[in-house]
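This report refers to the structure that appears directly beneath it.
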Amino acid sequence: MKFLEYLKPLTRVLFWIGFCWSGLFDAALLLFAEPLRPAAWVFTALKWAAAVAFILLQRRAAKADEWKKAYFLSRVALFYAVALQGFQHFYGVSLVANRTMAYVLFYLSIATVLIPSIVLYLSAFGKKALLARGVMVKNGRKYHHGFSTGAAFAVLDWVDAIVGAFILVMYLSSFVFQCYVIPSGSMENTLLVGDRLISLKPAYGIEPPFSNVKLPRLSRPGRGEIVILHNPRVPAEERQDVGFILGQYLQVLSNAIFKDNAAAAVAEPLVKRVIGLPGERLYMLNDIVYVQTKGSEARALSEPYTRVFANPASDMSVGPEATIILDIDRMFAGMDLDRLEASTRAVVGQLASDYGLSGGPSNAFLPTNVADFTGAVTALATGVSGRNLSRTDLEEFFLGAFTGSPSNPYEVQAATVNAWLKLRLLECARDILAGSDERAVFSDETLRRVIGTWLNRYDARNFPPFPAAGYLGKDEWFLMGDNRYSSLDGRHWDSFMEERKLWTGDPSSLTYPSLLDPFAISGEMFFAEPLAVAWPLSNAKALP
């Protein structure tokens, strides 16, 4: 910062401008924004006490060792008091109800911190200023205290260096850069567990710490871009809690120093990829995301970075499980609902005829959970043989699979899967009633693979049209991870299983345990744009 020394003739004028400006702003913030906040008064009092001591000791610093020590201590105290009170200002700004005024006060807060800091560096904190007052001496290229020191000052130097570095990290990570460690495999293979990202804060709007103010964004992310965002599952009040914020800064500091990820359990922030943009509607069918805008046909997205079975470039596309699942995809794609309906009607008619089923509905219960397929078969066989079910019961339950009108490929597949499983339920019950060995009936390899393998991956590979009605709003975005089988992203609000219908057009659809609960993210949740992977070197790269 040698170029700043050229400004030294102006430091006296700048000092008093900064001094007066800081005083006026402090007074205004205390009186109008934080009238009942004791912490604000304490921080302000500490800063001004340190400033007065610093000014009074400047002329005496060169006279004796004790004055040099006192001047040095006042310099350290003033540095920390200004830094801490800067954060207090940002918190005070958040108490201003008017957003425009809050933005103005934020920029004034920045000036209140920066102007005195630059002036203090030029007039007293810089090495030349300390040398002139005898507080520091130069020996070759090294600088030492210009007064006798003991163990206490040696400890103070270490504390000063560590705390100063922490404060610097807090300011830099709040307004410019942040280092973030990838804690999970949700973005593999693009980003691996333990990768350290360097991200830029101003792109998506600076958020002053201890404040609910967010400055205007400088850019909007495009499709396929990676973003760092707040975890929407963490309440905003919790993110603004002092303990939570300090924990985040400690995480940033540890990420910068240690190779091991000491904060892997922290779920804030998140790193995901932008998939859906404002004005779009999306659905996912067998690993492929389809996007539709108003008045246009849905189109498939090309996502070469995804780690899924249907991506030939992915290591997930090889292996026995991938082969099974892709074969079943093709099996359902080759089925026809009209033929399934004809086959279903034939089996219902056969059972009704063989067991003399007639009459109106008996309100008998048939289980619908696919996970208990064998129990459903047993209940159906028992109901038919005991004539507890009527023909109307069978028709309402099984032919309901063909009601509704699938309007897109996702719904066509959902209706097909539901209809096929219901047909297999009927056929298994028929075979058992005809005397077939139950073990042989339930050993059907295709049925076992659909229920035990394909449906287990259903939520990870499919989701229905979202939003269910309309399109994403003007500042709504849909985000997903690259490792689609291990990412709690925009498809899943939480990790609680609920029973979900395979085909919503069927009133008595079969159900399966589901995590699906799609949601959009407001652009206000974005706060940093990742620039590059800085560590480990084996995966270091710039991010597009």
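In summary, the side chains of Tyr485 and Asp287 do present a donor paired with an acceptor at a separation below 3.5 Å, with no hydrogens or angles considered. Judged purely by distance below 3.5 Å, without hydrogens or angles, the side chains of Asp393 and Ser390 pair a donor atom with an acceptor atom. Between the side chains of Lys272 and Ser186, at least one donor-acceptor pair of N or O atoms lies under 3.5 Å. With hydrogens and angles left out, the side-chain atoms of Asn311 and Ser317 include no donor and acceptor closer than 3.5 Å.
Using a distance-only test at 3.5 Å, with no hydrogens or angles considered, a donor-acceptor pair links the side chain of Thr403 to the main chain of Gly505. Between the Thr306 side chain and the Val308 main chain, no donor and acceptor come within less than 3.5 Å of each other. A donor-acceptor pair is defined here as one N or O able to donate and one able to accept, closer than 3.5 Å; such a pair exists between the side chain of Glu411 and the backbone of Ser407. A donor-acceptor pair under 3.5 Å is absent between the side-chain atoms of Tyr305 and the main chain of Thr190, judged by distance alone. Side-chain atoms of Gln292 come within 3.5 Å of backbone N or O of Ser296 as a donor-acceptor pair. The closest donor-acceptor contact from the side chain of Glu476 to the backbone of Gly473 lies under 3.5 Å. The backbone N or O of Gly481 sits less than 3.5 Å from a side-chain atom of Arg484, completing a donor-acceptor pair. Remark: the backbone N or O of Tyr410 is not paired with any side-chain donor or acceptor of Gln413 at under 3.5 angstrom. Arg281 places a side-chain N or O within donor-acceptor distance of the main-chain N or O of Pro467, the cut-off being under 3.5 Å. Remark: side-chain polar atoms of Arg500 are not paired, donor with acceptor, to backbone N or O of Pro513 under 3.5 angstrom.
In this structure, Ile325 and Asn286 have side chains that are not in contact, with every pair of non-hydrogen atoms separated by 4.5 Å or more. At least one side-chain heavy atom of Trp420 sits under 4.5 Å from a side-chain heavy atom of Val450. Within the 4.5 Å cutoff, the side chain of Trp454 has no heavy atoms near those of the Arg449 side chain. Phe442 is listed as a side-chain neighbour of Val377, based on a closest heavy-atom distance under 4.5 Å. In this structure the side chain of Asp327 reaches within 4.5 angstrom of the side chain of Arg330, judged on heavy atoms. Under the 4.5 Å side-chain criterion, counting only non-hydrogen atoms from C-beta, Thr453 is not in contact with Ile328. Arg233 has its side chain within reach of Leu488: a pair of non-hydrogen atoms, C-beta onward, lies under 4.5 Å apart. Annotation: side chain of Thr293 is not in contact with side chain of Leu277 (no heavy-atom distance under 4.5 Å).
In plain terms, the two heavy atoms of Ala203 and Glu529 that are nearest each other are CB-OE1, 3.3 Å. The two atoms that bring Pro507 and Gly400 nearest to each other are CD-O, 4.2 Å, heavy atoms only. Pairing each heavy atom of Val274 with each of Gly222, the nearest pair is CB-O, 3.7 Å. Between Leu426 and Thr344, the shortest heavy-atom distance links the atoms CD1-CG2, 3.8 Å. In terms of heavy atoms, Leu433 sits closest to Ala381 at CD2-O, 3.5 Å. Shortest non-hydrogen contact noted between Leu197 and Pro530 is CD1-CB, 4.1 Å.
By the neighbour-count criterion of 12 heavy atoms within 6.0 Å, atom CD of Glu498 is sparsely surrounded, having that number or fewer from other residues, nucleotides or ligands.
Remark: Asp482 engages Arg273 in a salt bridge, criterion side-chain N to carboxylate O under 4.0 Å. Under the 4.0 Å criterion applied to side-chain N and carboxylate O atoms, Arg223 and Glu303 are not assigned as salt-bridge partners. Ion pairing between a basic and an acidic side chain is recognised when a charged N comes within 4.0 Å of a carboxylate O; Lys422 and Glu341 show no such pairing.
Annotation: the span from Glu427 atom CD to Ser436 atom OG amounts to 11.5 Å, rounded to 0.5 Å. The CG atom of Asn231 sits 4.0 Å away from atom CG of Leu270, with the distance rounded to the nearest 0.5 Å. One finds the CG atom of Asn189 at 5.0 Å from the CG atom of Asp315 (value rounded to the nearest 0.5 Å). Here the straight-line distance linking atom CD of Glu396 with atom CG of Leu366 works out to 11.0 Å at 0.5 Å rounding. Remark: Leu191 CG to Asn483 CG distance equals 11.5 Å, nearest 0.5 Å. Between atom CG of residue Leu282 and atom CD1 of residue Ile275 there is a gap of 8.5 Å, rounded to the nearest 0.5 Å.
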Inset, instruction - Determine, step by step, whether Trp477 and Leu479 satisfy the side chain to side chain contact (heavy atoms under 4.5 Å, CB included) criterion, reporting the C-alpha distance in whole Å, the side-chain angles of both residues, the deciding distance to 0.1 Å, and the verdict. - result: CA-CA 6 Å; Trp477 314 76; Leu479 276 61; 3.8 Å; yes
Inset, instruction - Go through Ser358 and Arg391 one step at a time and tell me if the side chain to side chain contact (heavy atoms under 4.5 Å, CB included) criterion holds. - result: CA-CA 5 Å; Ser358 61; Arg391 183 182 187 120; 5.5 Å; no
Inset, instruction - Go through Thr392 and Leu357 one step at a time and tell me if the side chain to side chain contact (heavy atoms under 4.5 Å, CB included) criterion holds. - result: CA-CA 9 Å; Thr392 302; Leu357 305 180; over 6 Å; no
Inset, instruction - Could you walk me through whether Arg430 and Asp354 pass salt bridge (Lys or Arg N to Asp or Glu O under 4.0 Å), step by step? - result: CA-CA 10 Å; Arg430 179 198 60 189; Asp354 290 348; over 6 Å; no
Inset, instruction - Apply the test side chain to side chain contact (heavy atoms under 4.5 Å, CB included) to residues Phe526 and Ile228: give CA-CA distance (whole Å), side-chain angles for both, the deciding distance (0.1 Å), then the verdict. - result: CA-CA 6 Å; Phe526 302 156; Ile228 300 178; over 6 Å; no
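Taking the six-membered ring where the residue is Trp, the centroids of Tyr204 and Phe527 are separated by 6.0 Å or more. Ring centroid separation for the pair Phe463 and Tyr283 does not come in under the 6.0 Å cut-off. Ring centroid separation for the pair Tyr471 and Phe466 does not come in under the 6.0 Å cut-off.
A side-chain hydrogen bond (donor to acceptor under 3.5 Å, both in side chains) with Asn418 is found for one member of Thr504, Thr368, Asp506 and no other, namely Asp506. Looking at Asn369, Asn456, Asp459 one by one, the single match for side-chain hydrogen bond (donor to acceptor under 3.5 Å, both in side chains) with Tyr512 turns out to be Asp459.
Both tests do not hold together for Arg457 against Phe309: distance to the six-membered ring centre under 6.0 Å, angle to the ring axis within 45°.
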